[in-house]
2 protein chains.
Amino acid sequence: MKIGELAHVAQCTVETVRYYEKEGLLPAATRTAGNFRQYGPAHVERLRFIRNCRALDMSHGEIRTLLSLADQPGAGCGAINAVFDQHIAHVDERIQELVQLKAQLSSLRKRCQAEQAVDACGILHGLAAMETEAKHKRHTHLG
Amino acid sequence: MKIGELAHVAQCTVETVRYYEKEGLLPAATRTAGNFRQYGPAHVERLRFIRNCRALDMSHGEIRTLLSLADQPGAGCGAINAVFDQHIAHVDERIQELVQLKAQLSSLRKRCQAEQAVDACGILHGLAAMETEAKHKRHTHLG
DNA sequence: CCACACCCTGAAGCTACTATAGAGTCAATG
DNA sequence: CATTGACTCTATAGTAGCTTCAGGGTGTGG
């Protein structure tokens, strides 16, 4: 199959497929006489795997690790479990951050219930008065 | 004050300050004879406002909007409330996404409790078998 | 033979910074 | 007065994971 069809079955764009090839996530396809990429079932499987990982918000690094682990048939899957556990921890951490954020936002929002002059707007005052805190380094790739 | 001191009181780096100036979030400073940027209290206030917004994960676009609204003293703050409500909705949406994600990840994780050969690993099988879904456009800038 | 859908490469754009190189400024010290 | 060291300047490139664009080539139906 050609790249358009592959992209279609894997629910992504043609550009994304080419990008994955350039990144080394997807092995390079063979080419037709006219220099079109030619794909088979193995490519479909791999691309679907990658897209499923991305749907779970894994980074390319995590996916690369999983793929290389999966490619060693003799190995055990302890390392795979570890990648997964760490990723779940990332997601959890980000959820906690966002929940806290929402609490802060909601409390600010309460300060301005009415339409009034901006000079009196409790939100703006709150934003100006907040204690500016140093941004702590993020351990996750989840924005 | 010079840029280093400004960065210090606003809890960010010198590079970030220069970046905000280039982006137009922070007005350009006056310069000393030696071409060093020179800041006053108004810059401190504005930069702290920006950093506080960023601590609440607002995008530069959202901050730009807030700043320009705040700069119109005669105007009402309905538009400000709207920006805020929308941002809270973004955060909420992202929390929902991540909670769902975590459920998916946890259910996958349960499929492989033991160290075993990768061929038998339930996680890998699950990742390969998942229904690949089209990535829906994200309405938020929160990763 | 032509239109049109599809494919190709390479480079730039997106967000919000961070990092680096190479040079200039300024206050204090010897 | 020269030097040291902390600070500043500009310009450029890198980060993640794509998307978009420009400027072409390929292949098929009428």
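Letters A, B, ... mirror the listed sequences (proteins, then strands); counts begin at 1.
Annotation: of the two residues near DNA chain C, B:Y20 and B:K2, the 5′-most nearest-nucleotide partner is B:Y20. For the pair B:K22 and B:I3, both in contact range of DNA chain D, the more 5′-proximal nearest nucleotide belongs to B:I3.
The shortest side-chain heavy-atom distance between A:I50 and A:H60 does not fall under the 4.5 Å cut-off. Counting only heavy atoms from C-beta outward, the side chains of A:C77 and A:L69 never approach each other to under 4.5 Å. Residues A:T13 and A:V17 form no side-chain contact, since every pair of their non-hydrogen atoms from C-beta on lies 4.5 Å or further apart.
Across all their heavy atoms, B:L127 and A:N52 have their closest contact at O-ND2, 2.8 Å. Residues A:L101 and B:A55 share a closest heavy-atom pair of CD1-O, 3.4 Å. Minimum interatomic distance between B:L124 and B:V118 (heavy atoms only, all atoms of both residues): CD1-O, 3.9 Å.
Following rounding to the nearest Å, A:Y19 (OH) and D:dT15 (P) show an atom-to-atom distance of 10 Å. Between the P atom of D:dA11 and the CD atom of B:E21 lies a distance of 12 Å, rounded to the nearest Å.
With sequence neighbours left out, the salt bridge (Lys or Arg N to Asp or Glu O under 4.0 Å) criterion links A:R54 to no other residue. In terms of the salt bridge (Lys or Arg N to Asp or Glu O under 4.0 Å) criterion, residue partners of A:R94 (sequence neighbours excluded) are, by chain and number, A:E97, B:D57. Looking at residues two or more places apart in sequence or on another chain, you find a salt bridge (Lys or Arg N to Asp or Glu O under 4.0 Å) between B:D92 and A:K102. Partners of A:R48 under the salt bridge (Lys or Arg N to Asp or Glu O under 4.0 Å) rule, at least two apart in sequence or in another chain, do not exist in this structure.
Within a heavy-atom distance below 4.0 Å of DNA chain D, the residues of residues 36-50 of chain A found are A:F36. Contacts between residues 57-65 of chain A and DNA chain D, defined by a heavy-atom separation below 4.0 Å, involve A:S59, A:H60, listed by number. Sorted by residue number, the members of residues 25-35 of chain B with any non-hydrogen atom under 4.0 Å from DNA chain D read B:R31, B:N35. Contacts with DNA chain D (heavy atom under 4.0 Å) in residues 4-17 of chain A: A:T13, A:E15, A:T16, listed by number.
In this structure, B:Q38 contributes its side chain and B:T30 its backbone to no donor-acceptor pair below 3.5 Å. Formation of a donor-acceptor pair under 3.5 Å by the B:T16 side chain with backbone atoms of B:C12 is not found in this model.
Pairs engaging residues 80-89 of chain A under the side chain to side chain donor-acceptor pair (under 3.5 Å) rule: A:E62-A:H87, A:D85-B:R109 [sequence neighbours left out].
Taking a 6.0 Å sphere around CD of B:Q100, one finds it holds 12 or fewer heavy atoms contributed by other residues, nucleotides or ligands. Crowding of A:E45 atom CD: a count of heavy atoms from other residues, nucleotides or ligands under 6.0 Å not exceeding 12.
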Nucleotides 1-6 of chain D: which of its N/O atoms have a protein N/O under 3.5 Å away?
none

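Side-chain atoms of B:Y20 and B:R46 include no donor-acceptor pair closer than 3.5 Å.
On the nucleic acid side, DNA chain C has its first and last nucleotide under 4.0 Å of a heavy atom of chain B at C:dA16 to C:dC26, going 5' to 3'.
OP1 or OP2 of D:dC9 sits under 4.0 Å from a side-chain N or O of B:R18.
Between the two ends of the helix from C:dC1-D:dG30 to C:dG30-D:dC1, each summarised by a five-pair axis, the helix axis turns through 30° (rounded to 10 degrees).
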